[in-house]
Amino acid sequence: MTLKIATWNINSVRLRIDLVERLTQTAKPDVLCLQETKAENKVFPYDALKAMGWEHILASGMKGYNGVTILSKIPFESTEAPEWCDKSDARHAVATLKGGIEIHNFYIPAGGDIPDPDQNEKFAHKLRFLDEITAWFSKRKAAKASAKNKMVLVGDLNIAPLESDVWSHKQLLKVVSHTPVEVERLDRLQGSHDWVDAVRQFFGPEKILYSWWSYRAKDWNTADKGRRLDHIWVTPALSKDVKAVEILRDVRGWPRPSDHVPVMVTLKS
DNA sequence: ATGGTTGAGAATCAA
């Protein structure tokens with residue numbers, strides 16, 4: 001038996017509902033975590049998603065921006081939509097699957113253009129968000145004696161930490177998403193619950209990997225100026241169960257695509 | 001050097 005978990009920044013679930021269906025049918029994930037759904041719950045396409053086989057749906061949305069969703073073929077034991085930085089901005093959804101795996105789906109703030117928290121409140125928010133969830137996971141780890149905890153953290157973390165996660169390390173060092181201050185925060189988050197980067201565990205540290213290509217490039221595929229902003233992390237109790245990881249680059253070439261592509265892990269269960 | 005595109009939803013704001 002296997003469990004396939006995918007994450008995808010869909011950039012409007014309503015506009016791209018047909019692409020969600022295409023991914024559902026071709027990649028056949030058991031759990032699909034979406035970010036940037038851009039739909040408040042009252043306009044969320046529950047019926048269309050149920051019709052394509054997503055029986056269990058956790059949606060946390062707001063009008064116009066952000067929004068995270070966990071779609072599942074496996075029933076939920078419990079669900080939660082925590083809030084951070086005193087904002088109700090729909091950036092975190094948690095679902096525990098029947099059987100015990102706890103899934104965290106994040107849309108971390110992008111952080112604006114200027115990588116200085118004193119000049120740019122959006123960048124300050126991004127750092128604060130990372131600090132808050134790091135403290136929260138550290139506390140939970142201590143409280144739960146977590147050695148056996150089976151947890152998965154996915155999402156658009158809006159940080160590409162390694163040199164092999166960006167098209168040019170040198171040219172992006174001062175570009176939000178790849179600055180040392182963000183990478184250091186992401187490393188601390190990773191340490192907060194002994195998270196293992198399942199994608200790098202599978203592919204190794206050297207392989208060039210991207211999950212996002214800007215809409216602004218004339219030809220995203222030829223220019224290939226990508227970044228790996230979308231991540232799948234697992235706790236040590238699950239790291240040995242990672243059988244495969246795929247970054248579905250072809251999806252960037254689908255009609256009217258998102259600027260992000262799905263990342264999917266196959267776990268032995 | 002600094003533009004380039006997309007989405008929500010109704011003028012910009014965010015990415």
Side-chain angles (χ1 to χ4, degrees), chain A residues 7-23 33-46 48-49 59-69 83-85 87-92 105-117 119-130 154-161 165-168 170-179 181-182 185-186 210-231 249 251-263:
Chain A
T7 178
W8 191 12
N9 179 320
I10 191 65
N11 189 16
S12 172
V13 68
R14 285 176 290 170
L15 190 67
R16 286 184 243 285
I17 192 74
D18 54 329
L19 299 193
V20 174
E21 180 160 31
R22 183 167 168 184
L23 184 82
C33 298
L34 300 174
Q35 304 87 34
E36 281 205 90
T37 52
K38 295 185 176 176
E40 55 191 329
N41 290 357
K42 67 180 182 192
V43 299
F44 189 83
Y46 288 102
L49 290 164
S60 172
M62 63 183 284
K63 192 172 180 176
Y65 302 105
N66 311 333
V68 286
T69 292
E83 294 180 351
W84 303 104
C85 304
K87 295 175 196 284
S88 301
D89 59 353
R91 294 181 180 276
H92 186 193
N105 179 17
F106 280 103
Y107 176 52
I108 289 183
D113 288 330
I114 303 164
D116 177 346
Q119 287 182 62
N120 173 9
E121 171 49 34
K122 288 184 211 153
F123 194 73
H125 177 218
K126 183 178 199 174
L127 299 182
R128 206 158 62 239
F129 190 100
L130 287 158
V154 308
D156 178 1
L157 307 187
N158 267 315
I159 299 173
D165 291 331
V166 292
W167 65 274
S168 169
K170 205 171 163 188
Q171 289 181 75
L172 290 174
L173 267 172
K174 291 180 178 166
V175 173
V176 171
S177 74
H178 191 61
T179 65
V181 61
E182 293 167 84
R185 289 303 209 292
L186 195 70
Y210 310 140
S211 65
W212 172 88
W213 294 261
S214 172
Y215 283 127
R216 296 173 190 178
K218 259 193 303 216
D219 181 345
W220 71 273
N221 194 32
T222 303
D224 202 18
K225 292 184 171 181
R227 305 178 203 169
R228 187 174 70 107
L229 303 178
D230 303 275
H231 297 266
R249 181 181 173 113
V251 173
R252 186 65 176 78
W254 287 2
R256 292 208 74 184
S258 168
D259 44 356
H260 296 251
V261 299
V263 182

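So you know, we letter chains A, B, ... as the sequences are listed, proteins then strands, and number each from 1. What you are looking at is a predicted structure, and each value in this text was computed from that prediction instead of being measured.
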Please report, rounded to the nearest Å, how far the P atom of B/dT2 is from the CG atom of A/D113.
15 Å
Take the protein atom CD of A/E121 and the nucleotide atom P of B/dA15, then report the distance between them rounded to whole Å.
12 Å
Does a side chain donor of either A/S258 or A/N11 reach within less than 3.5 Å of an acceptor in the other side chain?
no
Backbone of A/S177 reached by a side-chain donor or acceptor of A/N158 within 3.5 Å
no
In this structure, how many angstroms lie between the P atom of B/dA15 and the CG atom of A/N9, rounded?
11 Å
Given atom CG of A/N120 and atom C1' of B/dA15, what is their separation to the nearest angstrom?
13 Å
In this structure, how many angstroms lie between the P atom of B/dA14 and the CD atom of A/E36, rounded?
13 Å
Mind calculating the distance between CG (A/D89) and C1' (B/dC13) to the nearest angstrom?
15 Å
side-chain contact (heavy atoms from CB on, under 4.5 Å) filter on A/P115, not counting sequence neighbours, yields A/F123, A/V176, A/T179
B/dG3 and B/dA15, which share atom name C1', separated by this distance in whole Å:
15 Å
Pairwise C1' distance, B/dG4 and B/dA14 [rounded to whole Å]
16 Å
Quick one: does A/R252's side chain have a donor or acceptor within less than 3.5 Å of a partner on A/V261's backbone?
no
Quickly work out the A/N66 CG to B/dA15 P distance and round it to whole Å.
7 Å
Applying salt bridge (Lys or Arg N to Asp or Glu O under 4.0 Å), which residue pairs with at least one partner in residues 9-18 of chain A are found, sequence neighbours left out?
none
Taking only residues two or more places apart in sequence, or in another chain, which ones meet A/R216 in a salt bridge (charged side-chain N to carboxylate O under 4.0 Å, His left out)?
none
Just say parallel, tilted or perpendicular for the rings of A/W8 and A/W254, cut-offs at 30° and 60°.
perpendicular
Can you list, by residue number, the residues of residues 223-231 of chain A that have a non-hydrogen atom closer than 4.0 angstrom to DNA chain B?
none
Starting at the 5' end of nucleotides 4-11 of chain B, put B wherever the base has a protein heavy atom under 4.0 Å, S where only the sugar-phosphate does, and a dash everywhere else.
BBSSSSS-
Taking only residues two or more places apart in sequence, or in another chain, which ones meet A/S60 in a side-chain contact (heavy atoms from CB on, under 4.5 Å)?
A/V68, A/A81, A/A90
Have A/W213 and A/D224 got a donor and an acceptor in their side chains that come within less than 3.5 Å?
yes
Whole-Å distance between B/dT2 P and A/I114 CD1?
15 Å
